[in-house]
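All of these numbers come straight from a predicted model, not from anything done at the bench. A note on names: the letters A, B, ... follow the listed sequences, proteins ahead of strands, and every chain is numbered from 1.
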2 protein chains.
Amino acid sequence: MKKITILDIAKELNITFSTVARALNDHPAISAATKKAVRETADRLGYRPNKVASSLRSGKTKIIGVLVPRLDVSFFSSVVHGIEGVMNENGYTILLYQSQESVKQENKGIDTFLRSRVDGIIASISLETEGPGGYEEVKERNIPLAFFDRVPQGLDVPSVTIDDYRGGFMATEHLIKAGYRRIVHINGYRNVHIFNERLRGYLDALTQHGLPIDEDLIVKGDFSLEFGRKCVRDLLAKGTAFDAVFTLEDFTAMGVVQELKAVGKHVPKEVGVVGFANEAFTSLVSPAVSTLDQRTVEMGEEVAQLFLRLLKKGNYYSHKPEKIVLIPKLLVRESSSR
Amino acid sequence: MKKITILDIAKELNITFSTVARALNDHPAISAATKKAVRETADRLGYRPNKVASSLRSGKTKIIGVLVPRLDVSFFSSVVHGIEGVMNENGYTILLYQSQESVKQENKGIDTFLRSRVDGIIASISLETEGPGGYEEVKERNIPLAFFDRVPQGLDVPSVTIDDYRGGFMATEHLIKAGYRRIVHINGYRNVHIFNERLRGYLDALTQHGLPIDEDLIVKGDFSLEFGRKCVRDLLAKGTAFDAVFTLEDFTAMGVVQELKAVGKHVPKEVGVVGFANEAFTSLVSPAVSTLDQRTVEMGEEVAQLFLRLLKKGNYYSHKPEKIVLIPKLLVRESSSR
DNA sequence: GTGAAAGCGCTAACAA
DNA sequence: TTGTTAGCGCTTTCAC
């Protein structure tokens, strides 16, 4: 199949290729008859506009780079699902890159996007990323940029996040109101902003409700199901009294529940448990695990829409960046209902 | 920030832009000194090669279109994770498109990929897609194409699939060997190849083990947790005797387990249950649900590698297409262990 | 070892 | 209403 260009269509119709180009782009100054003839010939010959050529000429690719840590984490794939849906409806395509939680790989992604001349970048930074990193250059090149969930420090950019502080607060307050008093919080050992926020919410909820802050109840570690189990074992071994656990995410909460069941502690009667993220399994296990929904698809749609508004503005870095904060939804289930 | 091109670097060094181009591409005929000078100047000026221009000229974009039904389904996001990982290591970037299970949207995706002049397409068709559809044209244009999991009928193309027949057979045989005799199979109402294969495996396993085929035990429906519950209710209401259920996927299996528990039937003592897909929750619920692992990340990596081999061959449609069939892994858990 | 020049397929300003 | 023309930033052939 020979490659058909506007020149082939032009020859076929004995007109010039610029007339063909205009007809295809529905230019107002072209007669209906010409447009019709051009379109028919284009269809007949199997013409496909070459986006590469038009991008080179126009300076617009209609491609948005989306950079996420990893797509096998349901949080990120849901958000990307939301982003793609909205972008697609608006004529944009998604160029996808995974940082695999590594700064080096993240910077490679940014570099690829810059070389590819994407019309913009939507990202969520890796756990390793400390400062603005490679995103500084994106800003300098005046390429529109928006973040979701994990936003770099030291770079004033548009973003959609959930209120992790509120999430931590809501979870803890809910446990307090349910009558739990000695609430363990399992956090991550890494110094990540959103983790710190959840911790801050936990602390403030305790304080506001007149409960003491007990350092023994704040555990830092990797997050995994196994770590949740280990935490419970360690706390019991040390003889630390506790009657509830609020974890950084759901897998740890699941581990906590499993270990408590294993040692014969009833959830929620003896110990209440609340996770974070609303992973699919939390509603299916028994007891169903209370958690905070992060509104993932919505987050993707919001960041895409925010991005489209930004694109319309032009001058991407002269306005005050729009920052949307979604309130997480507390889902009270069996694990904390007594 | 002014846009830097090879011409700017050339001026800076008083050489021609073609020398710069060669230096940047590590052309053997350029002196080490020139290369060094060019690279330093490029770095200093903040030069980023324009992939759009090089693609237009070379006819290669180094972009692969990946077309999947939807990314909020963990099966697909895991596969895409695998594809991106391998492609990325090999210098390719992923252009992502979701068909949302609609043929129309799928064809729009193919069209976008063709216009974008992707170097190839990896896809999994929508549930609506019947024949070769828009993929026929991809073939005609001699653009390399590979499928995973859901492959179009009537188009002899490379693919990576799992052996759904074997999966159906393994699940059913496992239940038979565990002593179950009246095994219900919940299938989909749509005429989808992979669903039919699982059914065929179920039927053959029964026959080979000398068990009768009972049409009352074969249920067709939508797949969802709720449908699993409904099935159990209906079977009990009709008084159909059964002692095991093999479902098309895990959510239905979960519904089956929930409903059985609700009516006081013990799983696995009274009724054994096996799902399909190894969703994250299956290992976390209680009883843990036996299922078939579809080796999703591996599938993505395999299809990417298959694709890279295909690219090397050139002449994409003159060889016999390579078809890889992965054997699903039976995960025997509590729900079918008695 | 380097330079000159053509052209990939389009967009868009200017002309007629 | 249509034609002419000049690039966008590269790759690549041919020349010296």
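- If you measure from atom CG of Leu56(B) to atom C1' of dG7(D), you get 12 Å, rounded to the nearest angstrom.
- The CZ-C1' distance, from Arg57(A) to dT5(D), rounds to 11 Å in whole Å.
- Between atom CG of residue Asn142(B) and atom OH of residue Tyr317(B) there is a gap of 7.0 Å, rounded to the nearest 0.5 Å.
- Using a 4.0 Å cut-off on heavy atoms, the residues of residues 18-28 of chain A that approach DNA chain D are Ser18(A), Thr19(A), Arg22(A), listed by number.
- Put simply, OH on Tyr135(B) and CD1 on Ile125(B) are 7.0 Å apart, with the number rounded to the nearest 0.5 Å.
- Under 4.0 Å is where a charged nitrogen must lie from a carboxylate oxygen, and between Lys104(A) and Glu128(A) no such pair does.
- In this structure, Thr16(A) reaches the dG3(D) phosphate: one of its side-chain N or O atoms is under 4.0 Å from OP1 or OP2.
- Here the C1' atom of nucleotide dG9(D) and the CG atom of Leu114(A) are 16 Å apart, to the nearest Å.
- Using a 3.5 Å distance cut-off with no hydrogens or angles, the side chains of Glu106(B) and Thr129(B) do pair a donor with an acceptor.
- The Ile15(A) side chain lies nearest to dG3(D) when the options are dC10(D), dT11(D), dG3(D).
- Of the inter-residue distances, the one linking Leu114(B) atom CG with Asn107(B) atom CG reads 10.5 Å to the nearest 0.5 angstrom.
- At least one donor-acceptor pair under 3.5 Å links the side chain of Ser99(B) to the backbone N or O of Glu101(B).
- Centroid-to-centroid, the aromatic rings of Phe307(A) and Tyr92(A) stay 6.0 Å apart or farther.
- Aromatic ring orientation, Phe148(B) versus Phe75(B): tilted (interplanar angle from 30° to 60°).
- The nearest whole Å value for the distance from the CG atom in Leu7(B) to the P atom in dC8(D) is 9 Å.
- Contacts of Thr34(A) with the nucleic acid, taken as non-hydrogen atoms under 4.0 Å apart, involve only primed sugar atoms and P, OP1 or OP2.
- Spacing between atom CD1 of Ile6(A) and atom P of dT4(D) amounts to 14 Å, rounded to whole angstrom units.
- The nucleotide range of DNA chain C contacted by chain A, defined by atoms under 4.0 angstrom from heavy atoms of the protein and reported 5' to 3', is dG9(C) to dA13(C).
- Contact detail for Asn315(B) and His319(B): the closest heavy-atom pair is O-ND1, 3.2 Å.
- Each of Ser58(A) and Ala29(B) lies near DNA chain C, and the nucleotide nearest Ala29(B) is the one positioned closer to the 5' end.
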